[in-house]
K.L.:
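If you scroll down you'll find the structure; I have some questions about it.
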Amino acid sequence: MGLQLYNSLTRRQEEFEPLEKDSVGIYVCGPTVYGHAHLGHAKSYVSFDILVRYLRYLGYRVTYVQNITDVGHLTDDADEGEDKIGEAAKREKKHPMALAESYTRSYFEDMDKLNCVRPDISPRASGHITEQIELVKTLLAKSYAYEVNGSVYFDVSKFKEYGKLSGRNIEEMVAGSRVEVSPDKRNPVDFALWKKAEPNHIMQWPSPWGMGYPGWHLECSVMSMKYLGATIDIHGGGLENQFPHHECEIAQSEAANGVPFVRYWLHNNMVTVDGQKMGKSLNNFITLKQAFAGQHERLTKRYDPLAVRQLILNSHYRSPIDFSDAALFAAQSGYNKITEAVQAVRKKAATAPQGQIDGNVAEQLKQLKDRFEAAMNDDLNTSIALSVVFELVRLANNALQDGSAAAQTFGAIDDLFGRLGGEVLGIVKDEYPQLAAVDDELTDMLVTILIEQRSEARKSKDFARADALRTRLDEAGVVLEDKPDGTTWRKK
RNA sequence: GGCGGCGUAGCCAAGCGGCCUAAGGCGACGGUUUGCAAAACCGUUAUUCGCCGGUUCGAAUCCGGCCGCCGCCUCCA
């Protein structure tokens with residue numbers, strides 16, 4: 001059985017079959033670049049990164065498109081309010097495009113640290129104004145939209161299937177509508193395709209309806225069809241965007257093209273911090289940069305970006321995840337365990353005697369690989385997949401204790417670490433910098449001198465002095481490990 | 001108010017009708033190893049899956065009720 005994915009549109013798990021054999025187009029709703037990326041972004045983009053990586057592992061040619069929203073996303077969704085980018089630009093006294101540029105870079109920086117593969121195309125909304133205007137024109141021509149006072153709205157009553165993704169019906173929404181309705185709209189649930197810009201609005205473009213700017217939902221429809229076609233295989237995004245954003249995308253796209261917009265809709269669940277929704281007012285809003293630096297009052301230490309990634313993979317993408325210092329701490333410990341095993345295996349693969357691969361190990365490796373793939377095929381069950389990697393760690397450590405194992409055995413273990421833990425899960429790196437040299441050379445030299453002193457003391461059985469040195473180093477955050485071939489050190 | 005989700009060991013988290021007397025990780029404890037540690041390895045740590053009923057030969061898994069928590073519907077990935 002091949003890859004099964006849970007499709008939000010049908011609310012069922014389905015066998016994945018791309019439109020074109022062997023090649024897959026994926027569109028994922030990207031960030032609105034008005035601030036640094038936070039833990040919520042990490043969960044979403046790591047989740048879809050896993051999807052892309054696994055599809056490639058299975059041999060598909062994947063085109064991964066993820067937009068950068070740099071215009072049109074308003075501070076509230078009633079089609080009123082300020083443009084998020086514009087508002088932040090005023091606050092930071094920057095040109096909106098400068099602001100968007102700097103946070104776009106910040107975003108890529110963080111995603112690189114989380115080891116997310118870069119999208120093949122990262123289209124900017126502001127770079128596709130022409131195409132967005134074209135789509136509005138098409139919708140007007142087909143009578144799915146109407147113009148009022150320089151703004152254009154989508155007429156939801158014309159699109160009978162509106163609500164099919166989020167399971168809502170228009171009547172109920174109208175009745176329960178809590179937001180103030182723009183008097184220009186014929187129907188409260190209608191949404192803006194194009195908004196007339198007030199003279200002081202920072203970003204605006206000429207259009208057939210006067211100066212204005214695109215509605216937020218429009219960009220995804222336009223860029224998705226431009227780069228991946230009218231019908232795409234997979235569209236991913238956060239659950240909070242299922243309604244209204246994705247519902248509106250479907251309406252616009254299908255009304256304009258007359259064909260299904262997306263075949264598989266995938267939504268990742270949300271993030272909480274210490275059990276509560278993450279919000280600036282709750283003082284639990286943690287950016288990735290803060291997590292990586294350990295600079296937040298909710299965090300006791302800095303966390304390795306890949307430990308954050310591992311914590312995300314520890315649960316299913318459709319389950320919510322609660323970030324807490326304790327959870328991050330546990331993930332960091334587990335991540336270290338994997339990292340240390342991989343490094344030890346690689347060292348042995350290079351130094352152990354040549355010989356035959358252990359048949360028993362080879363058989364176990366095959367079983368682990370099969371179980372890993374079965375888990376991933378089951379709607380990307382990374383929790384199980386990760387547990388398989390931990391079993392591989394145990395297998396590796398057992399082999400390391402077996403003095404007779406050949407280099408080939410370690411080579412095979414390393415290979416599976418690379419494929420499963422590296423290629424697919426992205427928590428095993430191809431190369432690890434010398435741990436000691438990470439921070440600075442001077443520290444390494446000084447610690448090395450102290451280790452030599454202690455080794456001499458141990459040789460002359462002066463254990464009191466040796467232990468005193470170790471204790472002092474421990475107090476300074478340096479942990480010593482005596483191994484058969486010498487003493488190594490690491491930071492606590 | 002409308003819609004949806006969740007409640008499994010000290011903590012995180014899989015499992016969603018029989019291979020479950022419930023994966024994996026963290027933590028804790030005992031053992032091997034070590035001059036002593038650390039790391040690693042071996043073992044122990046839920047006869048039970050929020051509570052109460054029901055369906056079934058059989059339920060953590062399905063149904064009903066209750067309790068608790070969370071999310072979306074309003075900017076958010």
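Throughout, protein chains are lettered first and strands after them, A, B, ... in sequence-line order, and every chain is numbered starting at 1. Because the structure is predicted, anything quoted here is derived from the model rather than measured.
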K.L.:
Sequence neighbours excluded, which residues qualify as side-chain hydrogen bond (donor to acceptor under 3.5 Å, both in side chains) partners of R346(A)?
P.N.:
D414(A)

K.L.:
Per the atom types in the model, does the base of G5(B) pair as donor or acceptor with the side chain of R318(A) at under 3.5 Å?
P.N.:
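Flag unset: no donor-acceptor pair detected.
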
K.L.:
Less than 4.0 Å between a side-chain N and a carboxylate O, is that true for D110(A) and K113(A)?
P.N.:
no

K.L.:
Got a sec, which residues hit salt bridge (charged side-chain N to carboxylate O under 4.0 Å, His left out) with K369(A), two or more places apart in sequence or on another chain?
P.N.:
E373(A)

K.L.:
Taking the P atom in each of G27(B) and G65(B), what is the distance between them to the nearest angstrom?
P.N.:
43 Å

K.L.:
Between atom CG in L473(A) and atom C1' in A37(B), what is the gap in whole Å?
P.N.:
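Result: 14 Å.
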
K.L.:
Mind checking ring pair (Phe, Tyr, Trp, His ring centres under 6.0 Å) for Y45(A) and listing every partner two or more places apart, or none if nothing turns up?
P.N.:
Y107(A)

K.L.:
What is the distance, to the nearest angstrom, from the CD1 atom on I286(A) to the P atom on A77(B)?
P.N.:
17 Å

K.L.:
What nucleic acid atoms does R454(A) come within less than 4.0 Å of, heavy atoms only: base, sugar-phosphate, or nothing?
P.N.:
base

K.L.:
Hey, which sits more toward the 5' end of RNA chain B by its nearest nucleotide, L311(A) or E391(A)?
P.N.:
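The residue whose closest nucleotide sits nearer the 5' end is L311(A).
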
K.L.:
Over all strands shown, is S319(A) touching base, sugar-phosphate only, or nothing at heavy-atom distances under 4.0 angstrom?
P.N.:
sugar-phosphate

K.L.:
Is there a side-chain polar atom (N or O) of N268(A) under 4.0 Å from OP1 or OP2 of A77(B)?
P.N.:
no

K.L.:
How far does the P atom of G10(B) sit from the matching atom of A22(B), given to the nearest Å?
P.N.:
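Rounded to whole Å, the distance is 16 Å.
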
K.L.:
Would the base of A23(B) count as contacting S383(A) through its side chain, where contact means a donor and an acceptor less than 3.5 Å apart?
P.N.:
yes

K.L.:
Could you check whether N397(A) gets within reach of a base, just the sugar-phosphate, or nothing at all, counting any heavy atom under 4.0 Å?
P.N.:
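If one applies the 4.0 Å heavy-atom cut-off, N397(A) turns out to touch the sugar-phosphate alone, with no base involved.
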
K.L.:
Can you tell me the distance, in whole Å, between the CD atom of Q310(A) and the P atom of A13(B)?
P.N.:
14 Å

K.L.:
A13(B) P sits how many Å from H316(A) NE2, rounded?
P.N.:
14 Å

K.L.:
In whole Å, what separates the C1' atom of G17(B) from that of C11(B)?
P.N.:
29 Å

K.L.:
Provide, to the nearest angstrom, the distance between the OH atom belonging to Y6(A) and the P atom belonging to G5(B).
P.N.:
8 Å

K.L.:
Please tell me whether N377(A) and Y54(A) have a donor and an acceptor in their side chains that are separated by less than 3.5 angstrom.
P.N.:
yes

K.L.:
Only stems of 3 or more consecutive Watson-Crick or G-U pairs count here, both distances under 3.5 Å; name the ones for RNA chain B, or none.
P.N.:
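Correct response: B:1-7 with B:67-73, B:10-12 with B:24-26, B:27-32 with B:40-45, B:50-54 with B:62-66.
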
K.L.:
Flag the pair K195(A) and D184(A) as a salt bridge only when some basic side-chain nitrogen lies within less than 4.0 angstrom of an acidic carboxylate oxygen.
P.N.:
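D184(A) and K195(A): not salt-bridged.
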
K.L.:
Using the closest heavy atom to pick a nucleotide of RNA chain B for each, name whichever of V393(A) or A330(A) lands nearer the 5' end.
P.N.:
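Result of the comparison: A330(A).
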
K.L.:
Less than 6.0 angstrom separating the ring centers of H246(A) and H267(A), yes or no?
P.N.:
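So the answer is yes for these two rings.
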
K.L.:
Please determine, for the side chain of S333(A), which listed nucleotide (G35(B), C26(B), A77(B)) has the closest atom?
P.N.:
C26(B)

K.L.:
Please list, in numerical order, the residues of residues 36-51 of chain A that have a heavy atom closer than 4.0 Å to any atom of RNA chain B.
P.N.:
H38(A), G40(A), H41(A), S44(A), Y45(A)

K.L.:
Tell me the interatomic distance from H246(A), atom NE2, to C72(B), atom C1', rounded to whole angstroms.
P.N.:
13 Å

K.L.:
For F390(A) and G24(B), are the ring centres under 5.5 Å apart with planes inclined under 30°?
P.N.:
no

K.L.:
Is it the case that C11(B) (base atoms only) and D322(A) (side chain only) share a donor and an acceptor within less than 3.5 Å, ignoring hydrogens and angles?
P.N.:
no

K.L.:
Are R53(A) and D49(A) within salt-bridge range, i.e. N to O under 4.0 Å?
P.N.:
yes

K.L.:
Check whether the side chains of S157(A) and N187(A) place a donor and an acceptor atom closer than 3.5 Å, and report yes or no.
P.N.:
no

K.L.:
If you look at every strand shown and take non-hydrogen atoms under 4.0 Å, does N398(A) touch a base, only sugar-phosphate, or nothing?
P.N.:
sugar-phosphate

K.L.:
Please enumerate all residues that pass salt bridge (charged side-chain N to carboxylate O under 4.0 Å, His left out) together with K461(A), with sequence neighbours excluded.
P.N.:
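For K461(A) there are no salt bridge (charged side-chain N to carboxylate O under 4.0 Å, His left out) partners, ignoring immediate neighbours.
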
K.L.:
What about the rings of H128(A) and Y227(A), do their centers lie closer together than 6.0 Å?
P.N.:
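Yes, the ring of H128(A) comes within the 6.0 Å limit of the ring of Y227(A), centre to centre.
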
K.L.:
Closer than 4.0 angstrom, basic N to acidic O: yes or no for E219(A) and R124(A)?
P.N.:
no

K.L.:
Using atom P of each nucleotide, how far apart are G25(B) and C42(B) to the nearest Å?
P.N.:
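Their P atoms lie roughly 10 Å apart.
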
K.L.:
Provide the distance between the two C1' atoms, one in C29(B) and one in C16(B), to the nearest whole Å.
P.N.:
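After rounding to an integer number of Å, I get 33 Å for this pair.
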
K.L.:
What nucleotide among G27(B), A37(B), C12(B) has an atom nearest to a side-chain atom of N314(A)?
P.N.:
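It is C12(B).
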
K.L.:
Could you tell me which residues satisfy ring pair (Phe, Tyr, Trp, His ring centres under 6.0 Å) with F285(A), sequence neighbours excluded, listed by chain and number?
P.N.:
H38(A)

K.L.:
Can we say E109(A) and R105(A) salt-bridge, meaning some charged N sits less than 4.0 Å from an Asp/Glu carboxylate O?
P.N.:
no

K.L.:
Sequence neighbours excluded, which residues qualify as salt bridge (charged side-chain N to carboxylate O under 4.0 Å, His left out) partners of E456(A)?
P.N.:
none

K.L.:
When you measure from the side-chain N and O atoms of N381(A) to the phosphate of G24(B), is any distance below 4.0 Å, counting only OP1 and OP2?
P.N.:
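No, outside the criterion.
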
K.L.:
Is there, by distance only and without an angle test, a donor paired with an acceptor across the side chain of R470(A) and the base of C36(B) below 3.5 Å?
P.N.:
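In this structure, the two groups form a donor-acceptor pair.
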
K.L.:
Pick out the pairs of N or O atoms, protein on one side and nucleotides 69-71 of chain B on the other, that lie under 3.5 Å.
P.N.:
from: G71(B); atom 1: OP1; to: K277(A); atom 2: N; distance (Å): 2.9

K.L.:
Hey, what are the protein-to-nucleotides 31-33 of chain B N/O distances that come in under 3.5 Å?
P.N.:
none

K.L.:
Measure the distance from CG on L480(A) to C1' on A39(B) and round it to the nearest whole Å.
P.N.:
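Rounding to the nearest Å, CG of L480(A) and C1' of A39(B) are 12 Å apart.
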
K.L.:
Base, sugar-phosphate or nothing for K337(A)? Non-hydrogen atoms, less than 4.0 Å.
P.N.:
sugar-phosphate

K.L.:
With rounding to whole Å, what would you report as the distance between A9(B) and A60(B) at their P atoms?
P.N.:
15 Å

K.L.:
Could you tell me how far C49(B) sits from C19(B) if I compare only their P atoms? Round to whole Å.
P.N.:
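Per the computed distance, 15 Å lies between those P atoms.
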
K.L.:
Considering every strand and a 4.0 Å limit on heavy-atom distances, what is the contact class for L386(A): base, sugar-phosphate, or nothing?
P.N.:
nothing

K.L.:
Strictly by salt bridge (Lys or Arg N to Asp or Glu O under 4.0 Å), give each pair with a member in residues 312-339 of chain A just once, sequence neighbours left out.
P.N.:
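Listed by first then second residue: R318(A)-D379(A).
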
K.L.:
For Q367(A) and A23(B), give me the distance from atom CD to atom P, rounded to whole Å.
P.N.:
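One finds 18 Å between P of A23(B) and CD of Q367(A), rounded.
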
K.L.:
For K429(A), which residues count as a salt bridge (charged side-chain N to carboxylate O under 4.0 Å, His left out) partner, sequence neighbours excluded?
P.N.:
none

K.L.:
Between G4(B) and A13(B), how far apart are the two P atoms, rounded to whole Å?
P.N.:
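One P to the other, the span is 24 Å.
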
